[in-house]
Amino acid sequence: MELPKAYEPQKTEDKIYQLWEKSDFFSPEANQSRADNPNKNKTYTIVIPPPNVTGSLHMGHALNAVIQDILIRKKRMEGFRTLWVPGTDHAGIATQNVVEKNLKKEGKTRFDLGREKFLELVWQWKEEYGNIILNQFKKIGASCDWSRARFTMDKDYAKAVETAFLHYHEKGWIYQGKRVVNWCPRCATSLSDLELEHQEEKSHLWYIQYPLALRQAQGDDNFIIVATTRPETMLGDTAIAVDPHDKRYKKLIGQKVIVPLVNREIEIIADELVDEEFGTGAVKVTPAHDLTDYEIGQKHNLAIIQVIDEKGKITKEAPLPYQDMKVKEAREKIVEDLKAQGLLEKIEDYTHQVPKCYRCAAGIELLPSLQWFLKMSELAKLAIKAVGEGKVKFIPKNFEKIYLDWLYNIKDWCISRQIWWGHKIPIKGTDDVLDTWFSSALWPLAVLGWPQKTDDLKTFYPTQTLVTARDIINLWVARMVFSGLEFSGKEPFQDVIITPTVLTKEGKRMSKSLGTGIDPLNLIEKYGADATRFGIAFQLMGGQDMKFTEDNIVMGRKFCNKLWNASRFVLMKISETDKTPDVNEKTSGVKGFGEGFRKSLIMEKLDRTIKSVNKDLDNYQFGQAAHTLYDFFWHDFCDQFLERTKDKKDGQTKAILLHTLLTSLKLLHPFVPFITEEIYQQLPIENKKKCLMIEKWPE
RNA sequence: GGGCGGUUAGCUCAGCGGUAGAGCACUGCAUUCACAUUGCAGGGGUCAUAGGUUCAAAUCCUAUACCGCCCACCA
């Protein structure tokens with residue numbers, strides 16, 4: 001068979017992917033063809049981190065998919081019953097926002113449509129776009145079992161969510177209460193702490209005089225000054241607090257002051273939570289709109305006056321002139337009014353971190369709201385223990401700290417959201433839906449059929465390896481660990497590989513809105529999926545970040561071409577005689593070519609390469625393995641050995657050529673599956689399998 | 001404010017106690033014999049800075065400076 005001179009990925013990849021899909025070897029039922037397979041009763045399962053139905057493939061997904069595919073393909077060749085479960089996440093707020101945005105183009109809001117109609121639209125969106133990203137995973141060569149694809153709002157999945165909720169409820173861990181929560185005025189919903197993003201903002205510290213209700217003795221100040229970053233919340237002040245040890249204010253404790261503009265009389269109280277070093281050492285207390293203030297309020301039995309509502313506007317609890325103003329307007333007017341009354345002592349520049357919604361970047365308000373909470377103390381203990389005892393391991397290990405720090409300081413989880421797209425809270429009279437992460441937390445269990453006692457659950461749970469990004473270690477990974485333990489008694493996975501964050505070459509975050517992203521599909525189109533995969537893998541050297549450069553993909557393409565042409569050479573060389581060398585799975589299986597076969601330099605190097613690649617992959621050192629394979633194949637095999645065979649025609653040389661090529665193809669297959677499969681299909685070997693994908697992995 | 005990671009050739013990164021390496025880029029030569037997406041040869045680095053440990057430090061320790069990320073109720 002004549003191979004073209006240059007490898008043409010565009011002509012090969014779809015064809016090869018179809019070959020694989022037709023073979024059914026992506027499913028664990030079909031890939032156990034070898035009788036001599038010592039691993040045939042062992043399973044190896046990965047569940048994909050389900051991408052949001054809003055998105056399309058970005059470099060983070062590509063990186064994530066490449067790693068998982070390398071792992072699963074190697075295990076499959078080792079004879080494990082491998083299962084890689086794909087799927088998508090309904091991504092509550094994110095998806096709802098996308099659909100709302102579309103609606104806005106027609107000048108409508110979701111409230112114009114009503115809940116039912118709006119949800120129909122979201123489902124339509126899901127049907128239309130939900131699988132796009134999964135199809136893009138196919139482009140990159142992902143060997144998922146597509147027949148087992150799941151969506152977090154499938155009917156069965158909803159059953160799992162309901163079961164989990166009711167289980168917690170029965171245990172008394174779920175409660176409803178009015179608490180000060182993070183509120184996104186744009187999305188009109190509560191958010192958990194993990195759903196906030198902090199952004200630095202240049203603002204001011206306003207120093208405001210609060211006049212004392214009773215005039216003090218001559219010579220004393222007749223007011224107390226507080227410093228605040230949020231003057232507008234003074235409308236809801238119900239106390240002034242100072243550090244109990246602060247000598248400056250000792251004699252004022254217990255005195256009353258008048259809240260300017262509001263004319264409410266409030267008390268000066270003492271509380272340990274106040275830091276005498278900051279500002280003036282006196283702080284206004286607004287229990288309705290600040291967590292620390294809320295805490296102080298609880299201790300001192302302060303009234304909670306809500307002056308900001310769910311739309312980010314000033315409520316009727318505030319004086320008339322400010323009512324219905326947006327927070328920002330109210331702030332400006334209040335500062336002006338204070339100035340006019342001579343109560344504004346000074347304004348300082350002040351830079352601080354302000355919370356924003358992680359889905360829409362709107363400024364977060366803290367306000368009292370009736371929400372559902374999940375008690376976390378016992379669940380956190382489970383998750384801590386799993387990592388503490390080494391049942392769940394993070395790679396790299398230092399990410400365990402992020403996980404543990406969060407769990408040690410855990411607060412109860414606000415699980416209700418006031419949006420429409422999601423799992424409804426299974427309690428009558430509640431229209432709220434669950435935090436999208438409540439359902440994601442059940443992913444490894446639910447995709448395998450839990451709470452039903454399915455065969456899949458029995459066979460493939462717990463899974464082995466989770467490959468994910470570090471920004472969802474707590475949001476997702478920690479919650480999967482305690483969910484898995486609570487509902488099955490088993491950790492949902494053993495190893496958690498935290499992938500590097502893909503940055504631009506300049507070291508900036510890749511972002512769609514900034515236009516700094518690189519579309520992996522463009523790379524695939526331009527260089528081929530294998531080149532893209534190899535380029536990515538080559539760069540996976542264990543750093544926390546990865547400044548992405550296309551140069552590596554260029555390298556990947558060159559390497560694939562080298563692989564292609566070396567294979568052409570070997571095939572030409574072999575066809576110089578009629579006799580096809582008898583190459584078996586093991587080096588020793590090559591008959592009739594004498595001792596020289598095993599003792600040749602190239603065979604020794606091949607052997608070292610096999611050992612090295614196995615060791616690296618066992619330790620998840622993907623980049624190192626790729627480098628080793630590159631060096632061996634290009635420099636040892638092509639530059640050295642292959643050059644020296646050009647004037648040789650003996651059988652032994654041919655056997656070594658074919659054997660080394662075949663072994664290299666096997667080792668390279670997890671990295672560059674398409675081209676290796678395409679070449680394998682052309683090899684004149686005995687006992688040829690239907691696909692390289694299920695050939696025996698070299699050990 | 002706390003924590004984590006980074007700072008090595010023009011660029012992206014390995015090396016982590018014993019005479020500086022790879023890919024890409026660059027220079028010269030070769031060439032239609034698997035591959036020009038090639039081969040051979042080569043140029044290029046006081047390994048962020050300052051101290052310290054050691055016979056020996058890019059590599060260990062301590063500071064400092066930038067860069068990135070995570071966490072945090074200093075109003």
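All chains are named by letter (A, B, ...) in the order of the sequence lines, taking the proteins before the strands, and each is independently numbered beginning at 1. Please read all numbers here as calculations on a predicted model, not as lab measurements.
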Distance between the [atom1] atoms of [N] and [M], in whole angstroms?
N     : M     : atom1 : value
B:A25 : B:A65 : C1'   : 30 Å
B:G39 : B:C66 : C1'   : 43 Å
B:G5  : B:C73 : C1'   : 27 Å
B:A22 : B:C26 : C1'   : 16 Å
B:C13 : B:G68 : P     : 14 Å
B:C47 : B:A20 : P     : 11 Å
B:G23 : B:U19 : C1'   : 24 Å
B:C40 : B:A34 : P     : 15 Å

Please determine, for the side chain of [X], which listed nucleotide ([options]) has the closest atom?
X      : options             : answer
A:K5   : B:C73, B:C35, B:G5  : B:C35
A:K558 : B:A25, B:A72, B:A34 : B:A25
A:M541 : B:U38, B:C13, B:G68 : B:C13
A:D639 : B:U37, B:C40, B:C69 : B:C40
A:H352 : B:A34, B:U37, B:A75 : B:A75
A:T549 : B:U12, B:G5, B:A75  : B:U12
A:W634 : B:C11, B:A34, B:G39 : B:G39
A:H635 : B:A14, B:G23, B:C35 : B:G23
A:L642 : B:A25, B:G68, B:A34 : B:A34
A:Y630 : B:A72, B:C11, B:G23 : B:G23

- Taking NZ, NE, NH1 and NH2 as the nitrogens, is one of them in A:D349 or A:K202 under 4.0 Å from a carboxylate oxygen of the other? no
- Residues A:E550 and A:K505 bridged, charged N to O under 4.0 Å: no
- Query: Does anything in residues 268-279 of chain A pair up under salt bridge (charged side-chain N to carboxylate O under 4.0 Å, His left out), and if so which pairs, sequence neighbours excluded?
  - Reply: A:D271-A:K299
- Query: Are a donor atom and an acceptor atom from the side chains of A:N565 and A:Y7 found within less than 3.5 Å of each other?
  - Reply: no
- Query: Is there a donor-acceptor contact under 3.5 Å linking the side chains of A:T292 and A:E295?
  - Reply: no
- Kindly express the pairing pattern of RNA chain B in dot-bracket notation, using | wherever a base pairs with another strand and counting only Watson-Crick or G-U pairs under 3.5 Å. ((((((((.[[[[.)..(..]]]].(((((.......))))).....[[[[[..)....]]]]])))))))....
Atom-to-atom span, [atom1] of [X] to [atom2] of [N] - whole angstrom:
X      : N     : atom1 : atom2 : result
A:F641 : B:G39 : CZ    : C1'   : 18 Å
A:I473 : B:C4  : CD1   : C1'   : 11 Å
A:Q544 : B:C69 : CD    : P     : 11 Å
A:R470 : B:C71 : CZ    : C1'   : 13 Å
A:E277 : B:G1  : CD    : P     : 13 Å
A:D551 : B:C24 : CG    : C1'   : 4 Å
A:I498 : B:G5  : CD1   : C1'   : 14 Å
A:N398 : B:C4  : CG    : P     : 9 Å

- Comparing A:T280 with A:D471, nearest RNA chain B nucleotide closer to 5' gives the residue A:D471
- Note on the structure: The residue, A:S567 or A:M555, whose nearest nucleotide of RNA chain B is more 5′ is A:M555
Would one find a side-chain N or O of [X] under 4.0 angstrom from OP1 or OP2 of [N]?
X      : N     : result
A:K547 : B:U7  : no
A:K505 : B:G68 : no
A:K646 : B:A34 : yes
A:Y350 : B:A75 : yes
A:K573 : B:A34 : no

Would you mind classifying the nucleic acid contact of [X] as base, sugar-phosphate or nothing, using non-hydrogen atoms under 4.0 angstrom?
X      : result
A:D275 : base
A:V283 : base
A:Q539 : sugar-phosphate
A:K401 : sugar-phosphate

- Could you tell me how the ring of A:F482 sits relative to the ring of A:W413: parallel (under 30°), tilted (30 to 60°) or perpendicular (over 60°)? perpendicular
- Query: Mind checking what makes ring-ring contact (aromatic ring centres under 6.0 Å, His included) contact with A:F674, not counting sequence neighbours?
  - Reply: A:W20
- Note on the structure: With sequence neighbours left out, the residues meeting ring-ring contact (aromatic ring centres under 6.0 Å, His included) with A:W183 are none
List the atom pairs, donor and acceptor, that lie under 3.5 Å between side-chain atoms in residues 532-546 of chain A and the rest of the protein, sequence neighbours left out.
residue : atom : partner : partner atom : Å
A:T532  : OG1  : A:G528  : O            : 2.8
A:R533  : NE   : A:F671  : O            : 3.0
A:R533  : NH1  : A:D69   : OD2          : 2.8
A:R533  : NH1  : A:I140  : O            : 2.9
A:R533  : NH2  : A:D69   : OD2          : 2.9
A:R533  : NH2  : A:P670  : O            : 2.7
A:D545  : OD1  : A:R470  : NH2          : 2.9

- Residues which pass salt bridge (charged side-chain N to carboxylate O under 4.0 Å, His left out) with A:D237, listed by chain and number, not counting sequence neighbours: A:K284
- For the base of B:A34, is there a side-chain donor-acceptor partner from A:E643 under 3.5 Å away? yes
- Message: The test is salt bridge (charged side-chain N to carboxylate O under 4.0 Å, His left out); show your working for A:E365 and A:R230 and say whether it passes.
- Response: CA-CA 11 Å; A:E365 292 296 342; A:R230 300 209 56 191; 3.0 Å; yes
